[in-house]
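Here the structure comes first, spelled out in structure tokens, and everything after it is commentary.
Because the structure is predicted, anything quoted here is derived from the model rather than measured. The sequence lines fix the lettering, A, B, ..., with proteins before strands; numbering per chain opens at 1.
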Amino acid sequence: MVFTVDCDVHVNDTPGALAPYCDLPWRHSLEDLDGANYPYLQIPGFAPNFRLDPPIRGMHPYRSVNTAREMREELTEIGVDVGILFPDHLLLFAAIPHPEYALFLSRAYNRWLLDRWLRDEPGLYGALLACPQDPEGSARDIEEFAREDRIVAIYLPTAGVNPLWGHRRYDPIFAAAEAADLPVVLHSVTIVSPVFPCQLEQFENHFARQMLGHSFAMMANLVSIMHTGVPARFPNLRIVFTEAGIAWAPYMKWRLDKYYHEYRRMVPVLERRPSEYMSERIWVSTQPIEEPDDPNHLVETIRHIGEDRVVFASDWPHHDFDHPRALLRLPMPQDLKRKIMGENALRVFTRIPAPSAVGADSEERA
Amino acid sequence: MAEHVIGTIDDFPPGSSRLVKVRNVEIGVFNVGGTLYALPNICPHQAGPLCEGTVNGTMICNAATEWKHQWVRDGEFLTCPWHGIEFEIATGRALANPRLRVRQYPISVDQGLVKITL
């Protein structure tokens with residue numbers, strides 16, 4: 001059995017669940033949103049999104065995980081030893097315009113995560129929700145919450161973030177993450193909003209928007225982070241890009257290098273090629289893993305990115321989740337499988353103990 | 001291999017850049033702060049006419065400059081006219097890519113005559 005770290009699983013963060021963890025006056029807002037039975041990723045004032053599609057019968061079911069116990073059982077069921085928890089609805093957190101409400105809400109989520117998800121069950125770790133609407137306030141919260149040892153990352157909400165991550169206004173968040181020795185994880189979701197990537201409303205259906213939402217977000221935020229020199233200015237910061245698959249990464253790596261040739265004097269803050277920063281301190285997670293007819297093409301793509309740069313993610317319990325076997329069945333050597341499924345993640349999320357420390361637990365479940 | 005006289009030292013004053021032809025090979029001759037360098041007029045990137053480019057300083061921005069932009073080392077870098085890649089004349093090294101390097105021809109001054117070995 002391959003030790004498996006899942007870098008992206010989602011907890012069901014409803015307004016009602018978070019309300020008791022939110023300070024006044026904004027607690028009342030969450031209380032008033034509670035119980036309205038809003039659909040996934042479309043709660044006014046909480047998960048703002050412009051949803052356009054009519055329902056079509058026979059679509060995939062909507063799944064959510066509501067307790068740490070459920071999460072532990074379900075991850076074990078699919079063969080995951082360690083899961084790193086991210087929100088559901090607050091994937092749209094960055095689209096919330098009000099900075100004070102947003103900071104209170106992020107604090108409530110982080111408290112709730114620590115209290116309800118990271119206390120009892122083994123192998124569950126958390127990513128703190130950063131608040132791009134108030135970078136200074138968020139940096140102070142990161143400093144405080146990062147003392148908890150089950151916190152292993154800082155989640156940078158990416159859908160609807162404006163300006164993009166990399167803008168200098170977010171420097172306090174990057175500085176706080178670097179000081180806490182925690183990686184930042186960019187996670188997007190398909191959103192129709194007036195900010196990047198905008199004009200997605202022109203597509204007739206979600207199929208089309210899904211093609212571009214995540215991948216454009218990752219590409220644009222990578223470029224943003226590069227062009228302001230984040231990897232140079234924060235030389236110990238580790239950066240992870242999630243939920244856009246992996247094949248976009250070689251394209252961007254080669255394209256950044258190509259134009260660095262011409263435009264280096266515009267970005268002298270990068271003292272090496274963008275690919276060199278990427279090959280040292282940037283990782284991409286696998287889900288939704290591409291499924292070419294010839295799986296060798298995918299293995300080749302992994303090698304283009306770097307055998308040490310790819311980390312497994314399932315995105316459990318979402319509709320497009322990847323079972324670990326989606327990676328384990330690929331035609332690649334066992335040592336590469338071990339890297340992708342867990343060893344690479346342990347080098348990013350350094351607070352997660354190595355498998356020897358949780359070995360008894362793994363064997364029991366195997 | 002033979003030495004070829006390409007002119008006198010007065011033809012290549014400090015700060016100058018000139019294109020010469022030796023045995024049908026185009027060579028750029030650059031005087032950077034009193035030292036002569038001879039580079040082939042072929043960019044190692046995509047074979048553009050490298051030595052027809054301009055000679056400039058370059059921009060830096062790092063911890064030593066407190067992350068402010070600074071223009072430095074005027075006259076030490078050659079920019080290829082095709083893709084704008086900057087080469088450090090003294091080393092032939094491309095600033096944007098350590099794997100990209102333009103070679104140098106031996107160049108010397110002997111009794112006021114400038115000679116290239118080719």
Side-chain angles (χ1 to χ4, degrees), chain A residues 135 139 163 165-179 222-237 239 250-282 304 306, chain B residues 15 17 28 30 32 39-103:
Chain A
W165 291 106
H167 191 282
R168 289 167 203 277
R169 74 188 299 263
Y170 304 129
D171 279 0
I173 291 175
F174 289 121
E178 188 184 48
L222 170 65
V223 171
S224 182
I225 280 168
M226 280 291 174
H227 94 299
T228 63
V230 168
R233 294 187 294 116
F234 301 95
N236 297 309
L237 185 66
I239 306 170
Y251 169 67
M252 288 309 297
K253 178 168 88 165
W254 293 329
R255 187 168 172 80
L256 283 161
D257 275 6
K258 170 90 178 173
Y259 282 93
Y260 182 68
H261 273 154
E262 283 192 33
Y263 297 142
R264 192 213 62 86
R265 28 176 122 41
M266 294 180 189
V267 285
V269 65
L270 300 177
E271 295 193 315
R272 294 181 294 149
R273 289 182 291 173
S275 64
E276 294 174 49
Y277 294 105
M278 289 177 74
S279 66
E280 286 173 12
R281 278 180 294 109
I282 288 180
H304 291 323
Chain B
S17 55
F30 302 88
V32 180
L39 278 55
N41 190 26
I42 298 178
C43 183
H45 174 229
Q46 288 187 8
L50 171 63
C51 296
E52 294 170 25
T54 58
V55 175
N56 288 293
T58 194
M59 195 78 94
I60 64 168
C61 175
N62 54 39
T65 70
E66 296 180 338
W67 306 110
K68 309 286 185 219
H69 288 74
Q70 264 183 27
W71 185 254
V72 296
R73 299 174 61 191
D74 237 336
E76 296 187 29
F77 301 94
L78 172 62
T79 298
C80 180
W82 274 12
H83 299 102
I85 299 177
E86 303 157 279
F87 292 89
E88 186 178 38
I89 294 169
T91 62
R93 191 176 62 91
L95 294 188
N97 187 346
R99 290 163 182 251
L100 207 56
R101 197 168 190 153
V102 61
R103 65 200 172 93

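Expressed to the nearest 0.5 Å, how far NE2 of H45(B) lies from NZ of K258(A) amounts to 4.5 Å. To the nearest 0.5 Å, atom OH of residue Y263(A) and atom CD of residue E86(B) are 13.0 Å apart.
Taking each heavy atom of A96(B) and H261(A) in turn, the nearest pair found is CB-CA, 3.7 Å. Contact detail for R264(A) and M59(B): the closest heavy-atom pair is NH2-O, 3.2 Å.
Across T65(B), I85(B), L100(B), the residue that shares the most heavy-atom pairs under 4.5 angstrom with chain A is I85(B). The candidate from R272(A), M266(A), E276(A), R273(A) with the greatest count of non-hydrogen atom pairs under 4.5 Å with chain B is R273(A). Counting heavy-atom pairs under 4.5 Å between each of N62(B), N97(B), I60(B) and chain A puts N97(B) at the top.
Around the CD1 atom of I42(B), the shell of radius 6.0 Å holds no more than 12 heavy atoms that belong to other residues, nucleotides or ligands.
In this structure, the side chains of T79(B) and R265(A) come closer than 4.5 Å at one or more pairs of heavy atoms.
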